[in-house]
Amino acid sequence: MPNIKLPDGNSLNFDKKVNGFQIAEKISKSLSKQALIISVDGNLKDLNYEIYHDCSVKIYTAKDKEGLETIRHDTAHVLAMAVQEIFPKTQVTIGPVIDNGFYYDFARKDPFTEEDLRKIEKKMMEIVDRDEPTHREVWKRDKAIEHFKKAGEIYKAEIIKAIPKEEEVSVYFHGKWHDLCRGPHLSSTGKIGKYFKLTKVSGAYWRGDSKNEMLQRIYGTSWPSQKELDNYLKMIEEAEKRDHRKLGKEMDLFHFREESPGSVFWHERGWNLFQKLIDYMRLRQKKAGYKEINTPEILDRGLWEKSGHWEKFGEHMYTSTTPDEKIFAIKPMNCPGCVQVFNQGLKSYRDLPLKMSEFGKVHRYEPSGALHGLMRVRAFTQDDAHIFCTEDQITQESLSVTNLILDIYKDLGFKNVILKYSDRPEVRVGDDKVWDKSEAALLEAVKESKLEYSINKGEGAFYGPKIEFVLRDAIGRDWQCGTLQVDLNLPERLGASYVDKDGSKKIPVMLHRALFGSLERFIGILIENYAGKFPFWISPLQVVVIPVSDDFDKYSKEVANKVNNSGINCQVDLKNHNLNYKIREHSLAKVPILLICGKKEVDSNSVTIRKLDSNDQEIMKLDKFLEKYTALNQAASN
RNA sequence: GCCCUCAUAGUUAAAUGGUAUAACAUGUCCAUGGUAAGGAUAAAUUUCAAGUUCGAUUCUUGAUGGGGGCACCA
C-alpha cells in the first residue's frame, strides 16, 4: 500500500505497487503524455521503476532540466545504436550530456566524415521510428565485464572495473542493443523525438588524458521541439556572425600572419581601442591607489630559476641566447620583475598594502592547437598588478579588487559576473597552516562580495588559492577574464621583506591580480559582446567626416582636425565616391558617428550627425558637437 | 602537442593535368553628388619544398599556417 507524496503536498494511495506511468496517469492525462522520468525520494528513476513503499516523488517533463537532460542522454544512446548498426566494429565508450547537447566517444580506426554524420542521423531517425522499448537489468560485475569483453567492448569493460564496489552495474536495453549505463532513460527510443542534429566530429582522449589514445567524438544537440532546436541553431549562427576574427578583419582592427603565429598585428583602429582601454584602466587604478611601474621584457635565466618558473613553466617560455652565450628568458609573467621593484630599497610595514600595477607584455609558447584568434595568443598584454600586504590584509584587499573589477566590467557593458574560487592543489608549495589561513581569508572575501560563486576543489595555483572572475556576454556565453591569486611562495623565493613595527624583517604576502586579464582576449570578448557595434567611448574609430562633394573637402578637413584635437578618433573620407557609397562603407565598418558636411553646414558652421543604425539626421553647431561628444568620450572614464 | 579538416588576388568565392574566373576592395579618369553600392578603365593571384609527369595550381609526400575539437590555459 504505497503512499505517494507529490511535490504540491497532496498524496496518492495505491495497492501493492505502482510505477511512474500509473502515478502520472492518476494526476492528469496531459502529464501522463509528457512524463519522461521520475524521482523517488530524490533519486532519478525510469518511469517503469516499481515502487512498493511510501515515498515522495516528482515527475519530470521536457520542461525540467532533468527531463531535457534525459532526452539528450537518450539521444546519445540512439546515436551509439545508429553508429554500431552502420559501423559494426566500432566500440562505444562514454556518451554524456553537456550544455545544449551531448556527445559520444567511439573507438574506430577510420575517421567519421561529415557524410557519415548525415548517414548516422538518418539511421537515428529510423531508430526513433522503430520506437524500441527500453528495459533495465542489473548484472553481476564479473558477468558484465566478461560480457562486454566478449563483445569486443574493451572500453566498457574498463569502465565497469572503475565503478565503485557498492554501486550496482546496470545495463540498459533499447530493443536488442544494450549499453552499460547508470540511467535513467525514457521508456522507448521514440520518446526522444526528432529534434536533434549531429553537429561535429573531433578527436578526444580516452578518459581526458593526453597520454591515452585518441577516440572519435561525435557532438550533437537535442531538444523537445523543432522550435527550440531552430532557436539553438540560430544562436550558433549569431555567434558565428559575431566571431571577432571575422569582425576584426571587416573592421580593420588587426590581423595575424604566418611569421608570428599567435601574435597580433594591430592596425590603427584596433590599437585605438587597445589604448583606450589602457587609458581607462590607468585612470581607474590610479584612483584606487595603485602605482604603475614597468619592468624589463627580457630577464636573466637565473631570476627565473630562483622564482621557480624555469622549472614549473619552462616549457612555455621563450628564451634568447646572446652572442656571448648568456641565456635570457622573455617574460611569461610580470611577477618576478615586480618583486624586484619591491626589493629595491627598504620597505616598511607602513608601505603596506603596496599596490604596483604594470601593463606588461608577456610571451608564452602555447601549444599550437590552443591558439584561437585574440582569445588565445602567444604574446599578450596583461593589466597586471601585485599587491604586497600582510596576511591580515588579504580579505580586505581581495574585496577591494573584487569591487573594482565589478565596477569596471559594468562600465564595459557586462553586468553578470560570477566567481570561481579554487583551493589548494595536490602539488603545491608552502606550509598547510599558511594555506589554511590564506584560503580562509580569500573565501571570506568571496562570500562578502555577495556574488554567485562556485568552488573548484584543488584547482588553485601551486603557490596559492585563487579567484577567477567569469563574465557573461550578450548572447549568454561565459568568459573567464580577471583573476586574483594569493601567493605564499614567490616573495620568499625572491627574498622580499619589509620591516615590521617591532623592527624585525617579515615576508609580505603577494596578491597577483589582473582585471581584463589579457587585453587581447578582453578585446576579443568585447567585439563579440557588442557584435562590433561598440559604445561611442571605446569605438575603434569614433567619427568619420564625409563631404557631400569635393567642394566641401576643405571644411570637412577642418572639422576632422578639430574633432581629433578634442581627443576623439576621427577620419575624413575624401575619396572619389559619392555620399551614399561612403555612408554604406562606414556603416558596414560600424563607425558610430558620421558627420556629413555640405553647403548647409559650411554656411552655418555646423555638422549633420548620422548615427549608426539610424536614419535620423541631426544638424548641430560644430562647437556644440565638440562639447557634447567630448563629454561622451569621457563618460565611462569618470 | 594529439585527432579530423582546409589552403586560389587585399577580401569572399569559382574552375582546370596544358599558367586561372567573378564580385567586392585598390589606382586612374568621367560624373559633383544630401543619407546604405553612379559609370568607364587598369594593375594584381594558385602557401612553401620535394616527387610523379613532356607539362602540376590540380596527383603524391613532407613542411608551414588556418579552422573544428581534445589536452593545456589569460
Side-chain angles (χ1 to χ4, degrees), chain A residues 103 105 108 110-114 116 199-219 240 243 245-246 249-250 252 255-262 313 315-316 332-333 362 364-384 459 461 466 468-470 479-483 485 512-522 524-525 546-553 575-589 594-601 608-619:
Chain A
Y103 65 77
D105 285 349
R108 175 175 178 249
D110 300 319
F112 292 114
T113 62
E114 275 295 314
D116 291 338
T199 47
K200 54 198 167 196
V201 227
S202 79
Y205 297 109
W206 165 235
R207 293 203 155 136
D209 189 333
S210 60
K211 287 188 207 87
N212 291 343
E213 61 274 31
M214 182 129 319
L215 306 171
Q216 291 189 65
R217 175 171 297 178
I218 297 180
Y219 283 92
E240 273 167 25
D243 190 317
R245 292 165 300 184
K246 184 171 158 267
K249 214 180 268 172
E250 284 171 13
D252 193 17
H255 81 276
F256 290 92
R257 54 172 60 231
E258 277 193 25
E259 291 96 325
S260 189
F313 207 73
E315 57 177 334
H316 295 292
M333 295 187 196
V362 296
R364 297 182 188 173
Y365 192 71
E366 298 289 349
S368 57
L371 303 181
H372 180 92
L374 294 176
M375 302 303 192
R376 194 75 186 276
V377 288
R378 283 184 174 153
F380 59 101
T381 306
Q382 295 179 308
D383 60 329
D384 211 351
E459 304 222 335
K466 68 176 176 184
E468 284 166 342
F469 299 87
V470 177
W479 301 95
Q480 199 232 296
C481 298
T483 159
Q485 304 173 359
H512 305 243
R513 53 109 281 201
L515 308 189
F516 291 144
S518 136
L519 265 296
E520 283 77 0
R521 170 182 288 185
F522 199 80
I525 294 166
I546 307 175
V548 171
S549 79
D550 54 14
D551 290 341
F552 312 107
D553 280 4
K575 278 200 295 268
N576 197 9
H577 289 291
N578 63 27
L579 179 61
N580 281 353
Y581 180 94
K582 291 181 185 179
I583 287 173
R584 177 181 152 82
E585 186 185 39
H586 299 297
S587 297
L588 289 176
L594 303 181
L595 295 181
I596 315 295
C597 298
K599 186 163 188 317
K600 265 194 299 200
E601 290 78 8
T608 294
I609 303 166
R610 186 190 202 281
K611 291 183 186 158
L612 184 57
D613 287 334
S614 157
N615 292 320
D616 296 344
Q617 298 169 38
E618 185 189 1
I619 186 155

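Chain naming here is simple, since letters A, B, ... match the order of the sequence lines and numbering starts at 1 in each.
The two residues Asp116(A) and Arg108(A) make their nearest non-hydrogen contact at OD2-NH1, 4.4 Å. Residues Ala461(A) and Gln485(A) come closest through the heavy atom pair CB-OE1, 4.4 Å. Across every non-hydrogen atom of Arg217(A) and Asp105(A), the tightest pair is NE-OD1, 2.7 Å.
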Exercise for the section: Begin with the C-alpha distance, continue with both residues' side-chain angles, and end with the deciding distance and a verdict on side chain to side chain contact (heavy atoms under 4.5 Å, CB included) for Val362(A) and Ser518(A). Expected result: CA-CA 10 Å; Val362(A) 296; Ser518(A) 136; over 6 Å; no
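At a threshold of 4.0 angstrom between heavy atoms, the contacts of Ser202(A) include nucleobase atoms, whether or not backbone atoms are also involved. Among the atoms of the strands shown, only primed sugar atoms or phosphate atoms (P, OP1, OP2) are found under 4.0 Å from some heavy atom of Pro111(A). Counting non-hydrogen atoms under 4.0 angstrom, Asp613(A) reaches a base of the nucleic acid. At the heavy-atom level, Gly208(A) lies under 4.0 Å from the strands shown only through sugar-phosphate atoms. Base contact: Leu588(A) has a heavy atom under 4.0 Å from a base atom. Lys600(A) comes within 4.0 angstrom of a base, heavy atoms only. Nucleic acid contact for Val377(A): base, since at least one base atom lies under 4.0 Å from a heavy atom of the residue. Using a 4.0 Å heavy-atom cutoff across all strands shown, Gln480(A) reaches sugar-phosphate atoms only and no base atom. Among the atoms of the strands shown, none is found under 4.0 Å from any heavy atom of Ala514(A). Here Lys582(A) lies out of heavy-atom contact (under 4.0 Å) with every strand. Nucleic acid contact for Thr113(A): none, since no nucleic acid atom lies under 4.0 Å from a heavy atom of the residue. Within 4.0 Å of Gly517(A), counting heavy atoms only, lies no atom of the nucleic acid at all.
In this structure, Asn615(A) reaches the rA36(B) phosphate: one of its side-chain N or O atoms is under 4.0 Å from OP1 or OP2. For the pair Lys200(A) and rG68(B), the criterion of a side-chain N or O lying under 4.0 Å from OP1 or OP2 is not met. The side chain of Lys575(A) contributes an N or O atom lying less than 4.0 Å from OP1 or OP2 of rU26(B). Within the 4.0 Å cut-off from OP1 or OP2 of rG68(B), at least one side-chain nitrogen or oxygen of His372(A) is found. Contact check, Asn578(A) against rG38(B): a side-chain N or O comes under 4.0 Å of OP1 or OP2. Residue Arg217(A) places no side-chain N or O under 4.0 Å from the OP1 or OP2 atom of rC4(B). Between Tyr581(A) and the phosphate of rA25(B), there is a side-chain N or O to OP1/OP2 separation shorter than 4.0 Å.
For rG34(B), there is no paired base (Watson-Crick or G-U wobble, both distances below 3.5 Å). A 3.5 Å limit on both hydrogen-bonding distances identifies rG62(B) as the Watson-Crick or G-U partner of rC48(B). Base pairing of rG1(B) is made with rC70(B), judged by Watson-Crick or G-U wobble geometry with both donor-acceptor distances under 3.5 Å.
One C1' atom belongs to rA43(B), the other to rG1(B), and the distance between them is 44 Å to the nearest Å. Taking atom P in both rG27(B) and rG10(B), one finds a spacing of 15 Å when rounded to whole Å. Taking atom P on both nucleotides, rU53(B) is separated from rA63(B) by 24 Å, rounded to a whole Å. Comparing the P positions of rG18(B) and rA23(B) gives an interatomic distance of 24 Å, to the nearest angstrom. rG17(B) and rC72(B) are spaced 44 Å apart, taking the C1' atom of each and rounding to whole Å. Of the C1' atoms belonging to rA44(B) and rC24(B), the separation is 15 Å, rounded to the nearest Å. Nucleotides rA7(B) and rU58(B) are separated by 13 Å at their C1' atoms, to the nearest Å. Taking atom C1' on both rU45(B) and rU8(B), the two are 7 Å apart, rounded to the nearest angstrom.
One can place CG of Asp105(A) at 12 Å from C1' of rC3(B), the figure rounded to the nearest angstrom. As a whole-Å value, the separation of Ile583(A) CD1 from rU35(B) P is 8 Å. In this entry the distance linking CG of Asn576(A) with P of rU41(B) reads 17 Å, nearest Å. Computed from coordinates, the Lys211(A) NZ to rG1(B) C1' distance equals 13 Å when rounded to whole Å. As a whole-Å value, the separation of Arg584(A) CZ from rU35(B) P is 16 Å.
Judged by distance alone with a 3.5 Å cut-off, no donor-acceptor contact links the side chain of Glu250(A) to the base of rA25(B). At a cut-off of 3.5 angstrom, the base of rC73(B) holds at least one donor-acceptor pair with the side chain of Arg376(A). Residue side chain Tyr205(A) reaches the base of rG1(B) through a donor-acceptor N/O pair under 3.5 Å, judged by distance alone. Within 3.5 Å, a donor on the side chain of Asp550(A) pairs with an acceptor on the base of rU32(B), or the reverse. Residue side chain Glu601(A) reaches the base of rG34(B) through a donor-acceptor N/O pair under 3.5 Å, judged by distance alone.
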Exercise for the section: Treat primed atoms plus P, OP1 and OP2 as sugar-phosphate and everything else as base, then score nucleotides 57-66 of chain B 5' to 3': B for base contact with protein heavy atoms under 4.0 Å, S for sugar-phosphate contact only, - for none. Expected result: -------SS-
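Separating the CD atom in Glu240(A) from the CZ atom in Arg245(A) is a distance of 9.5 Å, to the nearest 0.5 Å.
Phe516(A) does not carry Arg521(A) over the face of its six-membered ring by the limits of under 6.0 Å from the centre and within 45° of the normal.
Between Lys575(A) and Glu585(A), the closest side-chain pair of non-hydrogen atoms falls below 4.5 Å. Residues Leu595(A) and Thr608(A) are not in side-chain contact: their nearest non-hydrogen atoms beyond the backbone lie 4.5 Å or more apart. Contact check for Val377(A) versus Phe256(A): side-chain heavy atoms found under the 4.5 Å cut-off.
A salt bridge between Asp209(A) and Arg207(A) is absent, with no side-chain N of the basic residue lying under 4.0 Å from a carboxylate O of the acidic one.
Under the stacking criterion of a centre-to-centre distance below 5.5 angstrom and an interplanar angle below 30°, Tyr219(A) is not stacked against the six-membered ring of rG69(B).
Taking the six-membered ring for Trp and thresholds of 30 and 60 degrees, His316(A) and Phe313(A) have ring planes inclined between 30 and 60 degrees apart.
Each of Leu374(A) and Gly369(A) has a nearest nucleotide on RNA chain B; the 5'-most of these lies closest to Gly369(A).
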